[in-house]
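Let me begin by presenting the structure, written as structure tokens, before commenting on it.
Order of the sequence lines sets the chain letters (A, B, ...), proteins ahead of strands, with each chain counted from 1.
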Number of protein chains: 2
Amino acid sequence: MKTRDKIILASLDLFNERGERNVTTNHIAAHLAISPGNLYYHFRNKSDIIYEIFLEYEKLVDYYLQIPDDRPLTLDDMMFYLESVFDGLWSYRFFHRDLEFLLDSDERLREDYRGFTGRCLESIDCIFHGLAEGGVIENQPEELRSAMSLNVWLVVTNWMAFLKTAHGNGLSDELSIHMLKQGIYQVLTLELPYLMPEYREAVMTLREKYRPQLPENGEGMRSASRKKLGNF
Amino acid sequence: MKTRDKIILASLDLFNERGERNVTTNHIAAHLAISPGNLYYHFRNKSDIIYEIFLEYEKLVDYYLQIPDDRPLTLDDMMFYLESVFDGLWSYRFFHRDLEFLLDSDERLREDYRGFTGRCLESIDCIFHGLAEGGVIENQPEELRSAMSLNVWLVVTNWMAFLKTAHGNGLSDELSIHMLKQGIYQVLTLELPYLMPEYREAVMTLREKYRPQLPENGEGMRSASRKKLGNF
DNA sequence: TGGATATTAGAGTATATACTCTAGCTTTGA
DNA sequence: TCAAAGCTAGAGTATATACTCTAATATCCA
């Protein structure tokens, strides 16, 4: 593999694992057993590495969120979208973490990310529209649908952060893609009231599969807090 | 005012304005025209300052979220909760920004924040319960209500971040408490389907007041993105 | 083959950041 | 009144971080 690609991959891994803020260019170089000079031969600076990673993330999500325009959408479609998006979220999970700082320090990224958000919101909106056409959910006025889409976006993009903060010991090892996908439970919760009656039971059953499990460790969370946090 | 209190206030201001990551202890001292030594006489380190600020934030929100146990809740109560919580969010808006890093680097804060999250979720849940008793919203099974509460928490705590990332030019000056409160629109959107019929119209009217306005600048967002982002 | 080009090592630098240390000043209260 | 305690200034330090520079090596291709 080319050094340039190795740098991107290693950076992504390290960012995901330790957070962008805790990973320096020297760390990345050391991790790959290459010199800092070598790294800076391939990338002008750290922001450029992050930007490259973002482009890949963007490409992946755009790919996942393609919507067929020749047919309405089914429940299976919807679940596939959810699964895919959470997969993407997991692979690039560092990104939504220090997002604001990243955007603050790279104008190009800020602009692109804004477009990305716009496209995602539009896709979510289209998916709802397609589901309504497919008779899975009720049709809603445009205004309500786009506000709903935005809520879905907020829940999806911030579920990871919630998990990390809600779990006591900062062991990020604990956080698995499996736990991340419990976010699907939350998204389905959002959609429940809009389902057509004949789909309600099916979705409730699906939803149950993503229901958050109690972390198996007895330690860490005091019983009072556990009660308050419910399943988390 | 005591130097110690001045440090807390100045730190909060600077954190809110520039982000915790961009504010050093030396900046804080310089801003107050005191020496670094003086600052470190009052606080062992930067984390301690942040922790103090958190305690105030926690106290404020806990105060806002007190719930009367001698009567059911009204629509006015609900709006008051929303207004209050968004006020608090605004005053300590730096906090939910670099949250994960803050929690990573201060175990005490991590533990306390977890408890805080738990109490907030419990309060939201209680509010829904009280509203159901007051006949404002339909009563829902416990499981659904707590999942709903969590969605509300996610939307509330991340609305600010969304605004910052969705707005093109990083001019944080633009972001006002007024814009922040448009988050109330999103929360009301979540609640709409659960309202008792006789409250539906009233809430729709209220909601309209918080409806996001187009940013008045013609520049920055390309028309394509504007279309996609809808009202944002 | 051999010169040009691409890649790499590794020492080094400018700057920033969190924090320390000492000495001096101010306030308090017996 | 005066010593103890509290407060403050400001120079200074150890460490980290993003990034540079030069020289050497590998690769390519005419």
Self-check item: Stretch residues 43-56 of chain B: residues that reach within less than 4.0 Å of DNA chain D through a heavy atom
Solution: none
Exercise. State which residues pass salt bridge (charged side-chain N to carboxylate O under 4.0 Å, His left out) with A/E56; sequence neighbours excluded, sorted by chain then number.
Key: none
Practice problem: Report, as a single string ordered 5' to 3', how protein heavy atoms within less than 4.0 Å touch nucleotides 6-13 of chain D: B base, S sugar-phosphate only, - not at all. | Solution: SBBBB---
Practice problem: Taking side-chain contact (heavy atoms from CB on, under 4.5 Å) as the test, write out the residues that go with B/S149, two or more places apart. | Solution: B/I124, B/D125, B/F128
Under 3.5 Å donor-acceptor pairs involving side-chain atoms of residues 6-14 of chain B, not counting sequence neighbours:
unit_1: B/S11; atom_1: OG; unit_2: B/I7; atom_2: O; d: 2.6

Self-check item: Residues in ring pair (Phe, Tyr, Trp, His ring centres under 6.0 Å) contact with B/F54, at least two apart in sequence or another chain
Solution: B/F95, B/F116
Quiz item: Who are the ring pair (Phe, Tyr, Trp, His ring centres under 6.0 Å) partners of A/Y81, not counting sequence neighbours?
Solution: none
Self-check item: Protein-nucleotide distance (B/H27, atom NE2; C/dC19, atom C1'), rounded to Å
Solution: 15 Å
Quiz item: Will you find, in the side chains of B/Y40 and B/T25, an N or O donor that is under 3.5 Å from an N or O acceptor?
Solution: yes
Exercise. May I ask you to evaluate whether A/T25 reaches the phosphate of D/dC19, defined as a side-chain N or O under 4.0 Å from OP1 or OP2?
Key: no
Quiz prompt | Set of salt bridge (charged side-chain N to carboxylate O under 4.0 Å, His left out) partners for B/E58, sequence neighbours left out | solution = B/R119
Exercise. Would you kindly give the CG-to-C1' distance between A/L39 and D/dC21, to the nearest whole Å?
Key: 16 Å
Quiz prompt | Contact under 4.0 Å: B/Y40 side-chain N or O vs C/dC19 OP1/OP2 | solution = yes
Quiz item: Listed by chain and number, what are the ring pair (Phe, Tyr, Trp, His ring centres under 6.0 Å) partners of B/H42, not counting sequence neighbours?
Solution: none
